[in-house]
Q: 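My questions all concern the structure below.
Count residues from 1 along the sequence. This one's a predicted model, so the numbers in the text were calculated from it and none came from an experiment.
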Amino acid sequence: MALALPAAVFTALLFLLPVTILLSEAFTINGEWSLQGYVDFATTPLNQTVFLRTLKLGALVAFTSAIIGYACAFCIVNLEGKSRGRIFGLVVLPLMISPVARTYAWIVILGRTGIVNDTIVSLGLSDTPIRILFTETAVFIGLLQLFLPLMIISLVSSMENLPRDVISAARVLGANWFQVFTKVILPLTKDGLVMGGTLVFTGSLTAYITPAILGGSRVLMLETLLYQRVNVANDFVSAGVIATILIVMCFAANLLLKRIAKARS
């Protein structure tokens, strides 16, 4: 207990205290306790749009990551020898690269003269380059690429503990692959799904670099709106409201995923 005390003090001073001060701004207006900041946020059309967009993109990224992650994790777990380590290393490799560099790479790929638009024009699908950057699609692609490795790593860890004979047994008993996944694999790997879903969803909600670069001012999300409120408008009340909403959404997502997983057990 005594050995953990310095770490606890360090965390309290450098993390909990600043966050508490920031969040307290959301409940005080002109030095008086008030919920007017939340009322103003909820009744502003722009804030409503940004909130729903952030929630939608976070859910889509988490759902898509789960689908791709299960397929990748299943393949990795069933590889043998050095191939397994090499493929898993390729999954981990993007996490060693700066998110700024990874996000800027999408500008080269999705730009008007990028690889995607060059392919679309060369195939005759469009006479002119289409606008992909500064759209929700670009933000979705960037966030998916950014956080997909976290989902794969979480699911690989769960599937490594999956008994190898349960899938064969289910197939012998007549289950198709959809039934094998929903009745065998999914229940036995729900802990990895909860962990990966929490990391991906909360990461998508709180990421700033990717929405700022790929979405710009056209596709605002809560984290970019928070930045504007602090650094442009100097409105710490609204910033505290947005920060509080983000924190509540992150905790709510984790609790919801745990409840769903427990209900399926």
Q: Do Leu123 and Leu110 sit in the same hydrophobic cluster, where Ile, Leu, Val, Met, Phe, Trp and Tyr count as joined when their side-chain heavy atoms come under 4.5 Å apart?
A: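 Yes, because Leu123 and Leu110 connect within a single hydrophobic cluster, where side-chain heavy atoms sit under 4.5 Å apart.
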Q: In Å and rounded to the nearest 0.5 Å, what is the NZ to CD1 distance from Lys82 to Ile87?
A: 14.5 Å
Q: For residues Phe134 and Ile107: do they belong to one hydrophobic cluster (side chain heavy atoms under 4.5 Å, members Ile, Leu, Val, Met, Phe, Trp, Tyr)?
A: yes
Q: Find the distance between CG (Leu60) and OG (Ser65) and round it off to the nearest 0.5 Å.
A: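 Leu60 atom CG to Ser65 atom OG measures 10.0 Å (nearest 0.5 Å).
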Q: Please examine the side chains of Val200 and Ser204, heavy atoms only from C-beta on, and report whether any two atoms are closer than 4.5 Å.
A: yes
Q: Evaluate the criterion side-chain contact (heavy atoms from CB on, under 4.5 Å) for residue pair Leu205 and Leu222; output intermediate values, then yes/no.
A: CA-CA 7 Å; Leu205 292 184; Leu222 284 178; over 6 Å; no
Q: Assess the residue pair Thr189 and Tyr70 against the criterion (side-chain contact (heavy atoms from CB on, under 4.5 Å)); give the C-alpha distance rounded to whole Å, side-chain angles, the decisive distance to 0.1 Å, and a yes or no.
A: CA-CA 10 Å; Thr189 59; Tyr70 265 111; 2.9 Å; yes
Q: Is Ser168 reaching over with its side chain to a backbone N or O of Asp165, donor-acceptor style, under 3.5 angstrom?
A: no
Q: Hey, quick one: are Val184 and Phe178 part of the same hydrophobic cluster, counting side-chain heavy atoms closer than 4.5 Å, chains of contacts allowed?
A: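 Per the 4.5 Å side-chain linkage, Val184 and Phe178 are not co-clustered.
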Q: I'd like to know if the side chain of Arg102 reaches the main chain of Pro94, judged simply by a donor and an acceptor atom lying under 3.5 Å from each other, with no hydrogens or angles considered.
A: yes
Q: What's the spacing between Thr210 OG1 and Ile141 CD1 if we round to 0.5 Å?
A: 12.0 Å
Q: Taking all heavy atoms of Ala207 and all of Leu143, pick out the closest pair and write down the distance.
A: CB-CD2, 3.9 Å
Q: Considering only heavy atoms from C-beta outward, does the side chain of Arg171 approach that of Trp177 to under 4.5 Å?
A: yes
Q: May I ask you to decide if Gly192's main-chain N or O and Ser158's side chain share a donor-acceptor pair within less than 3.5 Å?
A: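 Such a contact is found between Ser158 side chain and Gly192 backbone.
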Q: Take Glu136 and Arg218 through the test salt bridge (charged side-chain N to carboxylate O under 4.0 Å, His left out) and record every step on the way to the result.
A: CA-CA 9 Å; Glu136 290 187 10; Arg218 293 175 178 267; over 6 Å; no
Q: Surrounding CG of Asp127 (heavy atoms of other residues, nucleotides or ligands, distance under 6.0 Å), is the total greater than 12?
A: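 No - once you tally the heavy atoms of other residues, nucleotides and ligands closer than 6.0 Å, there are 12 at most.
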Q: Of the non-hydrogen atoms in Gly196 and Met151, which two are nearest, and what is the gap between them?
A: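 For Gly196 and Met151, the tightest heavy-atom pair comes out as C-CE, 3.5 Å.
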Q: For Phe181, I'd like to know if atom CZ has over 12 heavy atoms of other residues, nucleotides or ligands within 6.0 Å.
A: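 Yes, CZ of Phe181 has more than 12 neighbouring heavy atoms, counting only those of other groups under 6.0 Å.
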Q: Can a donor-acceptor pair be found between the side chains of Thr198 and Asn254 at a distance below 3.5 Å?
A: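 Present: a donor and an acceptor within the cut-off.
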Q: Can you see which heavy atom on Pro129 is nearest to which on Val121, and at what distance?
A: N-CG2, 4.0 Å
Q: Side-chain contact, heavy-atom cut-off 4.5 Å: Phe41 with Ser238?
A: no
Q: For a 4.5 angstrom cut-off between non-hydrogen side-chain atoms, does Thr206 reach Cys250?
A: yes
Q: Compare all side-chain heavy atoms of Tyr104 with those of Leu214 and state whether any distance is below 4.5 angstrom.
A: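 When only atoms from C-beta onward are counted, Leu214 and Tyr104 do not touch, as no gap falls below 4.5 Å.
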Q: Working to the nearest 0.5 Å, report the span between OG of Ser122 and CG of Asn117.
A: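 These two atoms lie 10.0 Å from each other.
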Q: For the residue pair Leu220 and Gln228, establish whether any side-chain heavy-atom pair is separated by less than 4.5 Å.
A: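 Yes, side chains in contact.
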Q: Quick one: pull up CG in Asp235 and CD1 in Ile242 and give me the separation to the nearest 0.5 Å.
A: 8.0 Å
Q: Can you give me the closest heavy-atom contact between Leu199 and Ser154, atom names plus distance?
A: CD1-OG, 4.1 Å
Q: I need the Tyr208 OH to Ile213 CD1 distance, nearest 0.5 Å.
A: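 Tyr208 OH to Ile213 CD1: 8.5 Å, rounded to 0.5 Å.
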Q: Restricting to non-hydrogen atoms, name the atom on Gly37 and the atom on Val237 that form the minimum distance, rounded to 0.1 Å.
A: CA-CG1, 4.3 Å
Q: How about Leu146 and Pro99: do any of their side-chain heavy atoms sit closer than 4.5 Å?
A: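 Leu146 reaches Pro99 side chain to side chain.
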Q: Show your reasoning for whether side-chain contact (heavy atoms from CB on, under 4.5 Å) applies to Met249 and Phe51.
A: CA-CA 10 Å; Met249 290 173 66; Phe51 173 81; 3.4 Å; yes
Q: Using only atom types and a distance under 3.5 Å, with no angle test, would you say the side chain of Ser34 pairs donor to acceptor with the backbone of Gln36?
A: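 Between the backbone of Gln36 and the side chain of Ser34 there is a qualifying donor-acceptor contact (under 3.5 Å).
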Q: Quick check: closest heavy atoms across Phe201 and Ala59, and the distance to 0.1 Å?
A: CE1-N, 3.5 Å
Q: Would a single hydrophobic cluster contain both Leu150 and Val194, if residues Ile, Leu, Val, Met, Phe, Trp and Tyr are joined by side-chain heavy-atom contacts under 4.5 Å?
A: no
Q: Please test Met159 against Ile185 for side-chain contact (heavy atoms from CB on, under 4.5 Å), starting from the C-alpha separation and ending with a verdict.
A: CA-CA 8 Å; Met159 295 191 73; Ile185 297 178; 4.1 Å; yes
Q: With a 4.5 Å limit on heavy-atom distance, are the side chains of Leu257 and Leu193 in contact?
A: no
Q: Is Leu93 linked to Trp106 within one hydrophobic cluster, defined over Ile, Leu, Val, Met, Phe, Trp and Tyr using a side-chain heavy-atom separation of less than 4.5 Å?
A: yes
